[in-house]
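Working notes, structure below.
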There are 2 protein chains.
Amino acid sequence: MPPKRRTKARKQPLQQRSRETVAVILEAAARVLEARGLEGYNTNAVAERGGISVGSVYQYFPNKDALTLALITRFEDALLAKVRDAVAASEGKSLTASLNLIVRAQLEAHAERAGLNRILEAEEDRLRPASSGTSAAGELKELVADLLARHRREIARPVDDDAVEDLIVISRAMVDHALQNDLSQAAATRRVLRAIEGYLFGPRPDS
Amino acid sequence: MPPKRRTKARKQPLQQRSRETVAVILEAAARVLEARGLEGYNTNAVAERGGISVGSVYQYFPNKDALTLALITRFEDALLAKVRDAVAASEGKSLTASLNLIVRAQLEAHAERAGLNRILEAEEDRLRPASSGTSAAGELKELVADLLARHRREIARPVDDDAVEDLIVISRAMVDHALQNDLSQAAATRRVLRAIEGYLFGPRPDS
DNA sequence: CCATAATGTGAGTAATTGCTCATATTCCAC
DNA sequence: GTGGAATATGAGCAATTACTCACATTATGG
């Protein structure tokens with residue numbers, strides 16, 4: 001056990017000035033990751049890029065991982081917001097149309113800063129204590145579950161929690177794959193939808 | 001550019017003795033990863049665990065990443081072998097039965113040393129120069145493509161390369177997810193198959 | 001056996017980097 | 001104003017670790 005390790009930030013940002021500093025730190029971290037990758041991502045570089053001092057970084061983030069985690073959360077929140085909007089906008093539409101909107105939302109969220117988001121997703125595994133569901137993940141499940149419940153008569157088999165989980169896993173993997181291979185949004189949407197709709201509507205021949 | 005970096009091993013193992021050393025190194029690396037995670041994974045620990053000296057590690061691996069990559073390749077080869085066997089064993093069987101065998105093979109390959117394999121898959125992203133298809137990945141695609149071609153009359157839509165890619169992406173993501181959540185092999189198989197068959201047989205309502 | 005090649009050794013080095021803390025500066029309440 | 005709190009600074013420490021190299025040991029072919 002390496003002696004100890006700070007788990008809480010030294011200070012909470014109270015004044016306007018410090019809140020701006022936190023924003024500067026986050027954006028600087030994002031830019032360093034984009035420009036130099038995980039390889040060149042260190043707190044000194046972040047401070048330099050943000051035009052502030054390392055000390056300031058450690059005023060508001062207990063350690064480097066906490067900073068990275070904050071970036072991850074920021075991305076997840078943005079993704080969730082887009083999906084929420086898509087679900088809201090799909091009120092009254094058919095299930096297929098709704099799914100289309102949601103898939104597009106996910107693709108857009110990832111595409112915005114593809115390089116950065118890819119790195120963050122990879123780091124997520126390392127940083128999140130095994131199987132600790134985030135609130136963002138929970139809300140995403142709820143959103144999808146509600147949408148499917150609303151359309152339950154269009155779906156053959158009842159949709160349980162496992163199915164929702166599977167749909168999210170499938171979408172995420174395919175969206176990542178699409179971005180990695182620079183697929184057009186149209187192609188990516190088509191392929192993800194085929195998988196999702198197949199899962200929902202597809203036949204289950206055997207017992 | 002950090003000055004330089006060895007890209008080739010100092011020596012190739014020629015005699016029996018050194019071939020054994022290489023095996024010892026690989027297994028030691030695997031055990032360190034299993035016992036202490038990426039965190040405690042360093043070349044000195046690997047040497048100690050293997051009961052050899054660091055110098056020996058660097059006789060046969062130019063750098064730490066090359067060692068990790070060798071572990072990844074080893075895992076991929078094992079996976080591929082299992083899938084190959086499954087495909088061979090599915091000669092004459094129905095498509096559903098064949099897919100069942102293949103999915104099981106994948107689950108087994110991952111389950112064998114789940115903790116280790118999970119770490120290796122995460123490292124793969126970091127270590128493989130963006131979008132460099134490995135021969136293992138290529139052969140997997142071939143195997144799947146051939147199997148599907150053999151059963152093409154049972155599938156509504158023609159199966160192109162993209163579809164094969166998608167099927168592999170979906171399987172992989174779901175298998176990873178299943179292992180992460182300690183799903184029973186039965187449950188995992190059922191869910192992965194539902195996704196795969198849905199993708200293959202599922203209806204495509206719109207244009 | 002002997003010369004040569006192959007293999008093995010491990011203390012040490014060089015470089016990186018996360019993070020601290022003593023100090024300085026800025027802000028706000030009164 | 002003024003005093004105390006909040007915020008900012010950045011040189012440098014401490015720890016880690018990938019990797020080297022001069023040397024010892026072991027194998028092999030003739």
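By convention in this document, chain letters (A, B, ...) are assigned in the order of the sequence lines, proteins followed by strands, and residues within each chain are numbered from 1. The figures that follow rest on heavy atoms only: side chains count, while hydrogens, waters and symmetry mates do not.
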Residue-level proximity of residues 47-67 of chain A to DNA chain C when a heavy atom falls under 4.0 Å
A:V54, A:Y58, A:N63, A:K64

Summary of protein contacts for nucleotides 24-30 of chain C, nucleotide by nucleotide, where a base hit scores B, a sugar-phosphate-only hit scores S (4.0 Å, heavy atoms):
--SSS--

Under 4.0 Å, counting only non-hydrogen atoms across every strand here, what does A:Q12 touch: a base, just sugar-phosphate, or nothing?
sugar-phosphate

Using whole Å, report how far NZ of B:K11 lies from C1' of D:dT20.
14 Å

Flag the pair A:R191 and B:D162 as a salt bridge only when some basic side-chain nitrogen lies within less than 4.0 angstrom of an acidic carboxylate oxygen.
yes

Under 3.5 Å: donor-acceptor pair, side chain of B:S18, backbone of B:T21
no

Short question: side chain of B:S56, backbone of B:I52 - any donor-acceptor pair under 3.5 Å?
no

Contact check, residues 21-38 of chain A vs DNA chain C, heavy-atom distance under 4.0 Å, returns none

Would you find a donor on one side and an acceptor on the other, under 3.5 Å apart, between the side chain of B:H110 and the backbone of B:Q106?
yes

With a cut-off of less than 4.0 Å, is there a side-chain N or O of B:R10 near OP1 or OP2 of C:dA6?
no

Taking salt bridge (Lys or Arg N to Asp or Glu O under 4.0 Å) as the test, write out the residues that go with B:K141, two or more places apart.
B:E165

For a quick check of understanding: with a heavy-atom distance under 4.0 Å over all strands, which category does B:N42 fall into, base, sugar-phosphate or nothing?
sugar-phosphate

Quickly work out the B:N44 CG to C:dG12 P distance and round it to whole Å.
14 Å

Does A:R19 use its side chain to pair, donor to acceptor, with the backbone of A:L14 at less than 3.5 Å?
yes

Please check if atom CD in B:E48 has more than 12 non-hydrogen atoms from other residues, nucleotides or ligands closer than 6.0 Å.
no

Angle of first-five versus last-five pair axes in the helix from C:dC1-D:dG30 to C:dC30-D:dG1, to 10 degrees:
20°

Check this for me, if you would: do A:R126 and A:E123 make a salt bridge, where the nitrogen-to-carboxylate-oxygen distance has to be below 4.0 angstrom?
yes

Determine: side-chain N/O of A:S18 to OP1/OP2 of D:dT7, distance under 4.0 Å, yes or no.
yes

Is the phosphate of C:dC19 approached by A:T43 (side-chain N or O, under 4.0 Å from OP1 or OP2)?
no

Between CZ of B:R5 and C1' of C:dT16 the distance, given in whole Å, is 14 Å

Nearest-Å distance for atom pair CD/P, residues A:E39 and D:dA18:
13 Å

Are any side-chain N or O atoms of A:N42 and backbone N or O atoms of A:N44, one a donor and one an acceptor, separated by less than 3.5 Å?
yes

More than 12 heavy atoms of other groups within 6.0 Å of B:R152 CZ
no

Give the table of side-chain donor-acceptor pairs shorter than 3.5 Å for residues 68-86 of chain A, with sequence neighbours excluded, one pair per line with atom names and distance.
unit_1, atom_1, unit_2, atom_2, d
A:T68, OG1, A:Y41, OH, 2.9
A:T68, OG1, A:K64, O, 3.1
A:T73, OG1, A:L69, O, 3.0
A:R74, NH2, A:E27, OE1, 2.8
A:E76, OE1, A:R128, NH2, 2.8
A:E76, OE2, A:R128, NH2, 2.7
A:K82, NZ, A:E112, OE1, 2.9
A:R84, NH1, A:E139, OE1, 3.2
A:R84, NH1, A:E139, OE2, 2.4

Over-ring placement of B:R194 relative to A:Y199, 6.0 Å and 45° cut-offs
yes

Among B:N100, B:I102, B:L101, the one residue meeting side chain to side chain contact (heavy atoms under 4.5 Å, CB included) with B:S90:
B:L101

Are B:R31 and B:E34 ion-paired here, with the side-chain N under 4.0 Å from a carboxylate O?
no

